[in-house]
Every structure is written in structure tokens, then in C-alpha cells.
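Just below is one structure, and these are the notes that go with it.
Values reported hereafter were calculated over all heavy atoms of this structure, with side chains retained and with hydrogens, waters and symmetry mates removed.
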Amino acid sequence: MWRTSGRTALCPARWTTRRRAVVVVLLLLSGLGFLRRVPEFLNDIGATGLLLIVVLLVTRAQEVRRSYALPVAAAVAVCVFYLRYGSVGNLLAIALAALFAYGPRAWLAQGRRLTTALAVLTLGLLPHFVHATLVTGSPLGLILSAPCGPSPRTARWARRPRSR
């Protein structure tokens with residue numbers, strides 16, 4: 001398996017950088033686990049689609065100069081958050097992968113666009129944090145009490161044997 005992933009890393013490493021090659025290999029290696037859990041995500045088609053848009057916009061922010069894709073990505077990330085609290089982990093994974101793939105200097109070079117994106121993200125999440133503090137006493141109270149995993153209805157559907 002390690003030989004195969006090493007060979008898989010050679011092509012992206014030749015085409016781009018070594019960091020991006022490592023990200024590609026990690027995505028490929030994690031793909032099998034994701035495919036096993038696809039039935040759990042069928043109830044989150046909207047959130048999954050918006051997460052893909054966030055990935056596209058974050059990539060576009062680095063690839064296209066003078067692009068305002070980063071503040072738009074922050075606005076879409078706020079929409080994903082309000083659509084499903086469970087997407088916080090996915091958003092953090094996207095942010096860490098982007099930081100690892102492009103490096104911190106490339107993100108700090110964004111300057112004003114990065115500041116605008118952080119402001120959009122903060123202003124978008126502020127009502128949630130205020131409400132969560134009033135209801136649970138903690139800004140993260142609603143997120144931590146949100147159910148994790150598939151709904152019982154989806155779990156039953158995933159376990160049902162297929163008919164031919």
C-alpha cells in the first residue's frame with residue numbers, strides 16, 4: 001500500500017509541489033473510508049454541496065489573483081454552519097488542508113481579503129454564539145450538544161439488505 005501511495009505522490013509532486021502531493025495522497029487514502037459512509041451523508045446533500053463550493057472558492061482565492069472568492073467562501077461557510085452544525089469538523093479540515101497546501105505565507109499575503117473573510121465569518125457566527133450563550137451558558141453549547149452521526153432513519157436505511 002505504501003508503494004502505491006508513494007507512486008501516487010510522484011505525479012502530483014512533479015506537477016505541483018510536494019505539499020500538495022501529500023494532500024492528494026491523504027485525500028486518496030481517506031477516500032475508501034468516506035465511500036463506506038456515503039449512506040450516512042445522503043441526508044446532507046445540501047451541506048455537502050456547499051462544502052464543495054467552499055473548497056472551490058478557497059482554491060480560487062489562491063489561484064486567481066485579485067479574486068474576492070475568500071470573503072464569499074466565508075459567507076458560504078456560514079451558510080453551511082447554519083444548515084448543519086456537524087459540518088464544523090469538515091470546515092476545519094478544509095481550512096487546515098488549505099493552510100497546509102498553500103502555506104501560511106500565501107494566506108497572509110491575501111491581506112485585506114483575508115481580513116474581510118474573517119470579519120464575514122465572525123459577523124455571521126455572532127448571532128449563533130449569542131443565542132448559544134443565552135440558552136446553554138456557553139458559546140459552544142449548541143454545537144457540543146448537537147447529535148453526531150446519521151439520523152436513526154438513515155442508519156436503518158443503510159443497514160437494510162439490498163434486493164435484487
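- Sequence neighbours left out, the pairs with a member in residues 51-66 that pass side chain to side chain donor-acceptor pair (under 3.5 Å) are Glu63-Tyr102.
- Other residues, nucleotides and ligands contribute only 12 or fewer heavy atoms inside 6.0 Å of the OH atom of Tyr68.
- Both Leu91 and Leu50 are members of a single hydrophobic cluster when ILVMFWY side chains are connected at heavy-atom separations under 4.5 Å.
- Residues Leu121 and Ala77 share a closest heavy-atom pair of CD1-CB, 4.4 Å.
- Side-chain heavy atoms closer than 4.5 Å link hydrophobic residues (I, L, V, M, F, W, Y) into clusters, and following such links, possibly through other members, connects Leu70 to Ile53.
- Each side chain to side chain donor-acceptor pair (under 3.5 Å) pair with one or both residues in residues 129-140, not counting sequence neighbours, would appear here, but there are none.
- Considering all non-hydrogen atoms of both residues, Ala117 and Ala74 come closest at O-CB, 3.3 Å.
- Distance alone, capped at 3.5 Å, is enough to place a donor-acceptor pair between the Tyr82 side chain and the Gly124 backbone.
- When all heavy atoms are compared, the tightest approach of Pro104 to Leu99 is CA-CD1, 3.8 Å.
- In this structure, Val78 and Val120 approach most closely via the heavy-atom pair CG2-O, 4.2 Å.
- A single hydrophobic cluster is seen to contain both Leu51 and Leu83, as judged by linkage of ILVMFWY side chains at heavy-atom distances under 4.5 Å, directly or through other members.
- Both Leu92 and Leu140 are members of a single hydrophobic cluster when ILVMFWY side chains are connected at heavy-atom separations under 4.5 Å.
- Listed by first then second residue, pairs satisfying side chain to side chain donor-acceptor pair (under 3.5 Å) with a partner in residues 105-121 read Gln110-Arg113, not counting sequence neighbours.
- The cluster map of Ile, Leu, Val, Met, Phe, Trp and Tyr, joined by side-chain heavy atoms under 4.5 Å apart, puts Leu114 and Ile94 in the same cluster.
- Of all non-hydrogen atoms in Ala98 and Val58, the two that sit nearest each other are CB-CG1, 3.6 Å.
- Across Ala61 and Ala69, no two heavy atoms sit closer than the pair N-CB, 4.0 Å.
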